[in-house]
Amino acid sequence: DIQMTQSPSSLSASVGDRVTITCRASQSISRFLNWYQVKPGKAPKLLIYAASILQNGVPSRFSGSGSGTDFTLTITSLQSEDFASYYCLQTYNNLWTFGQGTKVE
Amino acid sequence: QVQLVESGGGLVKPGGSLRLSCAASGFTFSDFYMTWIRQAPGKGLEWISYITYSGTEMSYADSVKDRFSISRDNAKNSIYLQMNSLRAEDTAIYYCARHRRELTRGDWLDSWGPGTLVTVSS
(Lines give C-alpha, C1' and ligand atoms only; values in the text may rest on other atoms or scores of the structure.)
Protein backbone atom coordinates (compact mmCIF):
# COMPACT_ATOMS: atom_id res chain seq x y z
CA ASP A 1 0.00 0.00 0.00
CA ILE A 2 1.10 3.57 -0.63
CA GLN A 3 1.70 5.50 2.59
CA MET A 4 1.13 9.23 2.74
CA THR A 5 3.12 11.19 5.30
CA GLN A 6 1.62 14.60 5.94
CA SER A 7 3.29 17.36 7.93
CA PRO A 8 2.97 19.15 10.17
CA SER A 9 0.19 17.48 12.15
CA SER A 10 -0.83 20.89 13.45
CA LEU A 11 0.27 24.46 13.10
CA SER A 12 -0.53 27.75 14.70
CA ALA A 13 -1.10 30.67 12.35
CA SER A 14 -2.70 34.08 12.19
CA VAL A 15 -4.92 35.77 9.66
CA GLY A 16 -2.79 36.96 6.78
CA ASP A 17 -0.09 34.33 7.26
CA ARG A 18 1.26 32.15 4.48
CA VAL A 19 0.66 28.49 5.34
CA THR A 20 2.36 25.48 3.75
CA ILE A 21 1.39 21.85 4.28
CA THR A 22 3.29 18.97 2.73
CA CYS A 23 2.53 15.37 1.81
CA ARG A 24 5.11 12.78 0.89
CA ALA A 25 4.18 9.51 -0.79
CA SER A 26 6.05 6.27 -0.14
CA GLN A 27 6.36 5.79 -3.91
CA SER A 28 5.77 7.90 -6.97
CA ILE A 29 2.11 8.74 -7.51
CA SER A 30 2.62 10.99 -10.52
CA ARG A 31 0.19 13.88 -9.94
CA PHE A 32 -2.70 11.82 -8.59
CA LEU A 33 -3.08 13.80 -5.40
CA ASN A 34 -6.03 15.73 -3.98
CA TRP A 35 -6.38 18.15 -1.05
CA TYR A 36 -9.48 18.44 1.15
CA GLN A 37 -10.59 20.83 3.87
CA VAL A 38 -12.53 19.47 6.85
CA LYS A 39 -14.41 21.54 9.41
CA PRO A 40 -16.20 20.04 12.45
CA GLY A 41 -19.78 19.09 11.70
CA LYS A 42 -19.47 19.83 7.99
CA ALA A 43 -18.91 17.70 4.91
CA PRO A 44 -15.31 17.67 3.67
CA LYS A 45 -14.61 20.03 0.79
CA LEU A 46 -12.42 19.42 -2.25
CA LEU A 47 -9.80 22.13 -2.72
CA ILE A 48 -7.28 20.80 -5.25
CA TYR A 49 -7.17 17.79 -7.57
CA ALA A 50 -4.50 16.41 -9.87
CA ALA A 51 -1.95 18.03 -7.54
CA SER A 52 -2.48 21.59 -8.74
CA ILE A 53 -5.92 22.11 -10.27
CA LEU A 54 -8.12 24.40 -8.21
CA GLN A 55 -11.67 23.11 -7.77
CA ASN A 56 -14.37 25.47 -9.05
CA GLY A 57 -15.36 28.01 -6.42
CA VAL A 58 -12.27 27.58 -4.26
CA PRO A 59 -10.50 30.88 -3.53
CA SER A 60 -7.29 31.52 -5.44
CA ARG A 61 -5.33 31.89 -2.20
CA PHE A 62 -5.24 28.08 -2.19
CA SER A 63 -2.73 26.42 -4.47
CA GLY A 64 -1.15 23.01 -4.88
CA SER A 65 2.12 21.86 -6.36
CA GLY A 66 4.31 18.80 -6.70
CA SER A 67 4.61 15.53 -8.54
CA GLY A 68 6.12 12.13 -7.94
CA THR A 69 6.44 11.82 -4.19
CA ASP A 70 6.41 15.36 -2.81
CA PHE A 71 3.40 17.66 -2.75
CA THR A 72 2.51 20.98 -1.17
CA LEU A 73 -0.69 22.85 -0.32
CA THR A 74 -0.18 26.57 0.14
CA ILE A 75 -2.57 29.17 1.52
CA THR A 76 -1.08 32.52 0.58
CA SER A 77 -2.99 34.74 3.00
CA LEU A 78 -4.85 32.83 5.67
CA GLN A 79 -8.43 33.97 6.27
CA SER A 80 -10.56 33.32 9.35
CA GLU A 81 -12.66 30.77 7.47
CA ASP A 82 -9.54 28.75 6.65
CA PHE A 83 -9.01 27.55 10.22
CA ALA A 84 -9.74 23.87 9.67
CA SER A 85 -8.07 20.52 9.09
CA TYR A 86 -6.53 19.64 5.74
CA TYR A 87 -5.92 16.21 4.22
CA CYS A 88 -4.12 14.95 1.17
CA LEU A 89 -5.43 11.89 -0.69
CA GLN A 90 -3.52 9.77 -3.19
CA THR A 91 -5.56 8.13 -5.93
CA TYR A 92 -2.70 6.56 -7.88
CA ASN A 93 -3.93 2.98 -7.64
CA ASN A 94 -7.18 1.38 -6.55
CA LEU A 95 -6.23 1.45 -2.86
CA TRP A 96 -6.47 5.09 -1.89
CA THR A 97 -4.82 6.54 1.20
CA PHE A 98 -5.21 9.83 3.04
CA GLY A 99 -2.48 11.67 4.86
CA GLN A 100 -2.84 11.94 8.63
CA GLY A 101 -4.17 15.50 8.41
CA THR A 102 -3.00 18.96 9.43
CA LYS A 103 -4.98 21.11 11.85
CA VAL A 104 -4.57 24.83 11.24
CA GLU A 105 -5.35 26.72 14.43
CA GLN B 1 -27.41 21.15 -7.58
CA VAL B 2 -25.60 18.04 -6.48
CA GLN B 3 -27.02 16.56 -3.30
CA LEU B 4 -25.92 13.46 -1.41
CA VAL B 5 -27.69 12.28 1.73
CA GLU B 6 -26.53 9.32 3.82
CA SER B 7 -28.82 7.32 6.09
CA GLY B 8 -28.90 4.12 8.08
CA GLY B 9 -26.40 4.93 10.79
CA GLY B 10 -26.99 4.12 14.44
CA LEU B 11 -25.89 2.06 17.40
CA VAL B 12 -24.98 -1.57 16.80
CA LYS B 13 -23.34 -4.21 18.96
CA PRO B 14 -19.93 -5.66 18.11
CA GLY B 15 -20.32 -8.46 15.61
CA GLY B 16 -23.54 -6.95 14.30
CA SER B 17 -24.49 -5.67 10.86
CA LEU B 18 -25.73 -2.40 9.44
CA ARG B 19 -26.62 -1.18 5.95
CA LEU B 20 -25.94 2.42 5.00
CA SER B 21 -27.61 4.17 2.09
CA CYS B 22 -26.69 7.26 0.12
CA ALA B 23 -29.32 8.96 -2.02
CA ALA B 24 -28.06 11.16 -4.83
CA SER B 25 -29.77 13.91 -6.80
CA GLY B 26 -28.93 16.80 -9.08
CA PHE B 27 -26.74 14.89 -11.54
CA THR B 28 -26.78 11.89 -13.85
CA PHE B 29 -25.99 9.27 -11.25
CA SER B 30 -24.97 6.49 -13.62
CA ASP B 31 -22.23 8.69 -15.12
CA PHE B 32 -20.20 8.66 -11.92
CA TYR B 33 -18.24 6.32 -9.74
CA MET B 34 -19.22 6.65 -6.06
CA THR B 35 -17.14 6.33 -2.91
CA TRP B 36 -17.49 5.77 0.84
CA ILE B 37 -15.12 7.43 3.33
CA ARG B 38 -15.21 7.48 7.11
CA GLN B 39 -13.82 9.53 9.98
CA ALA B 40 -13.54 8.00 13.44
CA PRO B 41 -13.96 10.34 16.43
CA GLY B 42 -10.86 12.47 16.80
CA LYS B 43 -9.16 10.72 13.88
CA GLY B 44 -8.43 11.43 10.25
CA LEU B 45 -10.24 10.57 7.06
CA GLU B 46 -10.10 6.98 5.86
CA TRP B 47 -11.05 5.83 2.36
CA ILE B 48 -13.31 2.75 2.54
CA SER B 49 -14.50 1.71 -0.90
CA TYR B 50 -15.52 2.81 -4.36
CA ILE B 51 -17.79 1.39 -7.04
CA THR B 52 -17.77 1.89 -10.79
CA TYR B 53 -20.53 3.33 -12.97
CA SER B 54 -22.49 0.13 -13.46
CA GLY B 55 -21.47 -1.51 -10.21
CA THR B 56 -19.45 -4.24 -11.87
CA GLU B 57 -16.18 -3.34 -10.15
CA MET B 58 -15.40 -2.34 -6.59
CA SER B 59 -12.34 -1.66 -4.50
CA TYR B 60 -11.99 -1.89 -0.72
CA ALA B 61 -9.53 -0.78 1.93
CA ASP B 62 -7.78 -3.67 3.66
CA SER B 63 -9.39 -2.65 6.96
CA VAL B 64 -12.89 -3.50 5.70
CA LYS B 65 -12.28 -6.02 2.95
CA ASP B 66 -14.28 -9.23 3.46
CA ARG B 67 -16.57 -7.48 5.98
CA PHE B 68 -18.04 -4.58 4.02
CA SER B 69 -19.74 -4.66 0.63
CA ILE B 70 -20.55 -1.70 -1.61
CA SER B 71 -23.36 -1.76 -4.16
CA ARG B 72 -25.47 0.63 -6.19
CA ASP B 73 -28.90 0.88 -7.77
CA ASN B 74 -28.81 3.31 -10.68
CA ALA B 75 -32.61 3.17 -11.00
CA LYS B 76 -32.87 4.56 -7.47
CA ASN B 77 -29.84 6.88 -7.69
CA SER B 78 -28.42 5.26 -4.60
CA ILE B 79 -25.39 3.46 -3.27
CA TYR B 80 -25.21 1.20 -0.27
CA LEU B 81 -22.65 -0.06 2.20
CA GLN B 82 -23.40 -3.39 3.82
CA MET B 83 -21.30 -3.64 6.97
CA ASN B 84 -20.93 -7.01 8.69
CA SER B 85 -18.89 -8.26 11.65
CA LEU B 86 -18.71 -4.73 12.99
CA ARG B 87 -16.00 -3.81 15.48
CA ALA B 88 -15.58 -0.95 17.91
CA GLU B 89 -12.96 0.54 15.59
CA ASP B 90 -15.60 0.87 12.86
CA THR B 91 -17.25 3.63 14.93
CA ALA B 92 -17.14 6.69 12.69
CA ILE B 93 -19.03 9.17 10.61
CA TYR B 94 -19.53 7.59 7.19
CA TYR B 95 -19.60 9.86 4.15
CA CYS B 96 -20.56 9.10 0.58
CA ALA B 97 -18.99 11.15 -2.18
CA ARG B 98 -19.28 11.62 -5.90
CA HIS B 99 -16.17 10.35 -7.57
CA ARG B 100 -14.85 11.94 -10.73
CA ARG B 101 -12.33 10.16 -12.89
CA GLU B 102 -10.29 11.34 -15.87
CA LEU B 103 -7.54 9.43 -17.58
CA THR B 104 -4.87 12.10 -17.26
CA ARG B 105 -6.01 13.78 -14.06
CA GLY B 106 -6.87 10.73 -12.02
CA ASP B 107 -9.68 10.58 -9.49
CA TRP B 108 -11.16 13.06 -7.06
CA LEU B 109 -14.20 13.46 -4.80
CA ASP B 110 -15.99 16.66 -5.71
CA SER B 111 -19.19 16.44 -3.67
CA TRP B 112 -19.76 14.91 -0.27
CA GLY B 113 -22.81 14.18 1.85
CA PRO B 114 -23.12 15.38 5.46
CA GLY B 115 -22.41 11.89 6.79
CA THR B 116 -24.14 9.39 9.05
CA LEU B 117 -22.81 8.26 12.42
CA VAL B 118 -22.21 4.59 13.12
CA THR B 119 -21.48 3.60 16.71
CA VAL B 120 -20.35 0.07 17.50
CA SER B 121 -20.66 -0.58 21.21
CA SER B 122 -22.10 -3.12 23.60
Side-chain angles (χ1 to χ4, degrees), chain A residues 1-10 21 23 25 28-58 64 66-68 71 73 84-103, chain B residues 1-6 22 24 26-27 32-52 56-66 68 70 92-117:
Chain A
D1 294 5
I2 299 173
Q3 307 303 316
M4 300 301 296
T5 302
Q6 186 172 339
S7 61
S9 57
S10 66
I21 299 168
C23 262
S28 176
I29 58 170
S30 184
R31 295 176 59 84
F32 298 144
L33 190 285
N34 312 156
W35 290 98
Y36 297 88
Q37 178 190 67
V38 181
K39 294 181 177 179
K42 298 191 74 176
K45 177 184 177 182
L46 173 68
L47 300 175
I48 302 281
Y49 62 96
S52 63
I53 300 176
L54 195 67
Q55 170 68 351
N56 289 344
V58 174
S67 66
F71 301 86
L73 173 70
S85 294
Y86 295 85
Y87 293 84
C88 63
L89 170 66
Q90 70 80 16
T91 62
Y92 178 74
N93 57 18
N94 65 347
L95 294 177
W96 297 359
T97 42
F98 283 94
Q100 300 93 324
T102 297
K103 186 173 184 178
Chain B
Q1 180 182 349
V2 175
Q3 192 166 15
L4 299 167
V5 179
E6 303 91 342
C22 170
F27 63 100
F32 292 86
Y33 284 31
M34 295 294 292
T35 294
W36 287 99
I37 308 94
R38 69 184 180 185
Q39 185 171 28
K43 303 291 187 183
L45 297 174
E46 180 185 13
W47 169 77
I48 295 298
S49 178
Y50 71 70
I51 189 166
T52 57
T56 53
E57 294 181 37
M58 307 85 166
S59 182
Y60 297 94
D62 289 343
S63 60
V64 303
K65 196 173 182 179
D66 299 327
F68 289 12
I70 190 172
I93 297 173
Y94 284 73
Y95 299 99
C96 69
R98 190 175 77 167
H99 170 165
R100 302 202 69 153
R101 164 170 282 213
E102 291 184 13
L103 186 61
T104 57
R105 296 179 174 178
D107 303 70
W108 60 97
L109 305 172
D110 69 345
S111 295
W112 297 58
T116 186
L117 177 63

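In Lys39(A), the NZ atom is crowded: over 12 heavy atoms of neighbouring residues, nucleotides or ligands sit closer than 6.0 Å.
Annotation: residues 86-93 of chain A contacts chain B through Tyr87(A), Leu89(A), Thr91(A) [non-hydrogen atoms, separation under 4.5 Å]. Contacts of residues 40-47 of chain A with chain B at a heavy-atom distance below 4.5 Å involve Lys42(A), Ala43(A), Pro44(A), Leu46(A), listed in sequence order.
Only the side chain of Thr35(B) comes within contact range of chain A, judged by heavy atoms closer than 4.5 Å. With a 4.5 Å cut-off on non-hydrogen atoms, Asp1(A) touches chain B through its side chain but not through its backbone. The part of Gln39(B) that comes within reach of chain A is its side chain, from C-beta onward, which places non-hydrogen atoms under 4.5 angstrom from that chain. Proximity to chain A (any heavy atom under 4.5 Å) is restricted, for Ile37(B), to the side chain, taken from C-beta onward.
The two atoms that bring Trp47(B) and Leu95(A) nearest to each other are CZ3-CA, 3.8 Å, heavy atoms only. In terms of heavy atoms, Phe32(A) sits closest to Leu103(B) at CZ-O, 4.3 Å.
Tyr36(A) places no side-chain N or O within donor-acceptor distance of the main-chain N or O of Leu45(B), the cut-off being under 3.5 Å.
From Arg105(B), atom CZ reaches atom OG of Ser30(A) across 13.0 Å, with rounding to the nearest 0.5 Å.
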Are Trp108(B) and Ile53(A) close enough, and set up right, to give a side-chain contact (heavy atoms from CB on, under 4.5 Å), and what steps lead you there?
CA-CA 11 Å; Trp108(B) 60 97; Ile53(A) 300 176; over 6 Å; no
Pair Glu57(B)-Asn94(A), side-chain contact (heavy atoms from CB on, under 4.5 Å): steps then yes or no:
CA-CA 11 Å; Glu57(B) 294 181 37; Asn94(A) 65 347; over 6 Å; no
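Considering only residues two or more places apart in sequence or on other chains, Tyr50(B) meets the side chain to side chain donor-acceptor pair (under 3.5 Å) condition with none of them. Shown here are the side chain to side chain donor-acceptor pair (under 3.5 Å) partners of Ser28(A), two or more places apart in sequence or in another chain: there are none.
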